[in-house]
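Only heavy atoms go into these numbers, but all of them, side chains included; no hydrogens, no water, no symmetry mates. Below, chains carry the letters A, B, ... as their sequence lines are ordered, and counting in each starts from 1. Treat the numbers as computed from the prediction; the structure is a model and nothing was measured.
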Number of protein chains: 2
Amino acid sequence: MGIVERKEREKEEMRKLILEAAQKLFLENGFEKVSIRNIADAIEYSPATIYLYFKDKNELLYGIHNIGFHKMIQEFQPALSLADPFDRLVEMGRRYFRFAFENPEHFDLMFIMNAPMDALACRDDIWDEGRAAFGLLVKCVQDCMNAGVFKYQDAEVAAMMIWSAVHGYTALFLRKRLDMFEESRRKELMEDAFTLFIETIRKGL
Amino acid sequence: MGIVERKEREKEEMRKLILEAAQKLFLENGFEKVSIRNIADAIEYSPATIYLYFKDKNELLYGIHNIGFHKMIQEFQPALSLADPFDRLVEMGRRYFRFAFENPEHFDLMFIMNAPMDALACRDDIWDEGRAAFGLLVKCVQDCMNAGVFKYQDAEVAAMMIWSAVHGYTALFLRKRLDMFEESRRKELMEDAFTLFIETIRKGL
DNA sequence: CTTGTTTACTAAACAGTGTTTAGTAAGTTT
DNA sequence: AAACTTACTAAACACTGTTTAGTAAACAAG
């Protein structure tokens, strides 16, 4: 009597089909320029079908946001296995920015756009993906404290401060607020600001 | 023969009428929920009229973004007249966040949304408002260096690093990425992270 | 004062958008 | 074979930003 199981499998596969077609279109054309109808066309189903698998567009974007987190966590792995906790922290910072730079649409969805958070708020659910990722950072900061690199002792507060600094220039860059600097100066400025931040917390935290 | 002058005045007034009606609606309902038709209704003109005064919606949003910058610069004034340069820097940071908290729609337009930057990019113009505001920060950081508060000597890089840190938690907060912390903890965490950042740069920069 | 021209404005249309509803056809169960 | 359930869709609804063609008033020139 595996019919119900098969149906469930098919349902899951359909969700995946939609999600991956949507992701492909979004990454290719940007979020503003992709509609439910475009996605429906790509998978050769009617637009209404998508609403049988996702409550609304926010829910769909939330699904892609999840894929983004998987990708990011994976790309963080090499950083996490570095021996020195401070090196680990620096490498995590670099990878945060590099991920944003190489996957701007995913990063947008994960940390800037309203849509995925609205989907969560509607179900009044908690942002588990964000919590987990932040947890990685807190752990790393805690290791730095245990190793005596930082004198300050509240790892969560320190992690928040570090996340802010790295997220700040990443978000400003992505939303073109650093375009006021000429391209070569911009790259230099971001690199130097990051290095300066690292040196500052090494001395002052 | 003041006819052409009067016409120019009327044209300017009409722009202002549209801009302020638009701003009012945007601040009341948020940007996602206001259309050109809504604005047209509010001023009792047809939608097409708006396009005689603004190239497109991005241009209109850019206009409101400018009003936001005027407001922000004004609210920065008291900070700028503090005697001690480091106090000045701290107060600027506090006011950056307070402005965002009290004027989230304006802040969004100024530092997060794509629309106003797209309007600039189309005219391939430079972001003067951002440059001017960043200039204030650079000057303040330079004063801190001259006063010997900071040892590091590149004011622009240091300003970039400081802007990043303050913008980071502001943007994360505004885009609901800190909602994973319970409300009271969230306020505390932001406050503590800011204080920690201030203490860290005081010691380490 | 009557022309011709310019200006300011709008009705209506175009080409889209997210989403819902009512209905169909195939698969499954009895 | 009949009844029920599921998966799907055509078409509509109520919007969106934007453009076009046309009108009526304001102005300038003869």
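Going from atom NZ of Lys33(A) over to atom P of dA15(C) covers 20 Å, rounded to whole Å. Put simply, OH on Tyr51(A) is 17 Å from P on dC13(D), counting in whole angstrom units. Between the NZ atom of Lys11(A) and the C1' atom of dT6(D) there is a distance of 8 Å, given to the nearest Å. Rounding to whole angstrom units, CG of residue Leu60(A) and P of dT17(C) are separated by 14 Å. Straight-line distance from the CZ atom of Phe54(A) to the P atom of dC8(D): 13 Å, rounded to whole Å. Spacing between atom CG of Leu17(A) and atom P of dC8(D) amounts to 10 Å, rounded to whole angstrom units. Across the protein-nucleic acid pair, Asn38(A) atom CG and dA15(C) atom C1' stand 13 Å apart, rounded to whole Å. When the P atom of dG16(C) is taken as reference, atom CG of Asp41(A) falls 11 Å away, rounded to whole Å.
Taking 3.5 Å as the limit, the base of dG16(C) and the side chain of Arg37(A) contain no donor-acceptor pair of atoms between them.
Ser46(B) has no side-chain polar atom (N or O) that falls below the 4.0 Å cut-off from OP1 or OP2 of dA11(C). For Tyr45(B), no side-chain nitrogen or oxygen approaches OP1 or OP2 of dT10(C) to under 4.0 Å. In terms of phosphate contacts, Thr49(A) brings a side-chain nitrogen or oxygen within less than 4.0 Å of OP1 or OP2 of dT9(D). Within the 4.0 Å cut-off from OP1 or OP2 of dC9(C), at least one side-chain nitrogen or oxygen of Tyr53(B) is found.
Note: Phe107(A) and Tyr96(A) meet the aromatic proximity criterion, with ring centroids under 6.0 Å apart. Taking the six-membered ring for Trp, Tyr53(A) and Tyr45(A) have ring centres at least 6.0 Å apart.
Defining each end axis of the helix from dC1(C)-dG30(D) to dT30(C)-dA1(D) as the rotation carrying four pairs' C1' atoms onto the next four, with five pairs an end, the two axes are found to diverge by 10° to 10 degrees.
Nearest to the side-chain atoms of Met14(A) among the listed nucleotides dT19(C), dC8(D), dT19(D) stands dC8(D). Of the candidates dT10(C), dT20(C), dT18(D), the closest approach to any side-chain atom of Ala48(A) belongs to dT20(C). Comparing dT18(D), dC8(D), dT10(C) against the side chain of Leu52(B) picks out dT10(C) as the nearest. Of the listed nucleotides (dT16(D), dT19(C), dT18(D)), dT19(C) has the atom at the smallest distance from the side chain of Ile36(A).
Side chain of His65(A) to backbone of Tyr62(A): a donor-acceptor contact under 3.5 angstrom is found.
Enclosure of atom CD in Gln77(A) by more than 12 non-hydrogen atoms of other residues, nucleotides or ligands within 6.0 angstrom is indicated. The number of heavy-atom neighbours closer than 6.0 Å to CD of Gln153(B), taken from other residues, nucleotides and ligands shown, is above 12.
Shown here are the side-chain hydrogen bond (donor to acceptor under 3.5 Å, both in side chains) partners of Tyr169(A), two or more places apart in sequence or in another chain: there are none.
Looking only at side-chain heavy atoms (C-beta outward), Leu120(B) and Asp179(A) stay at 4.5 Å or farther from each other.
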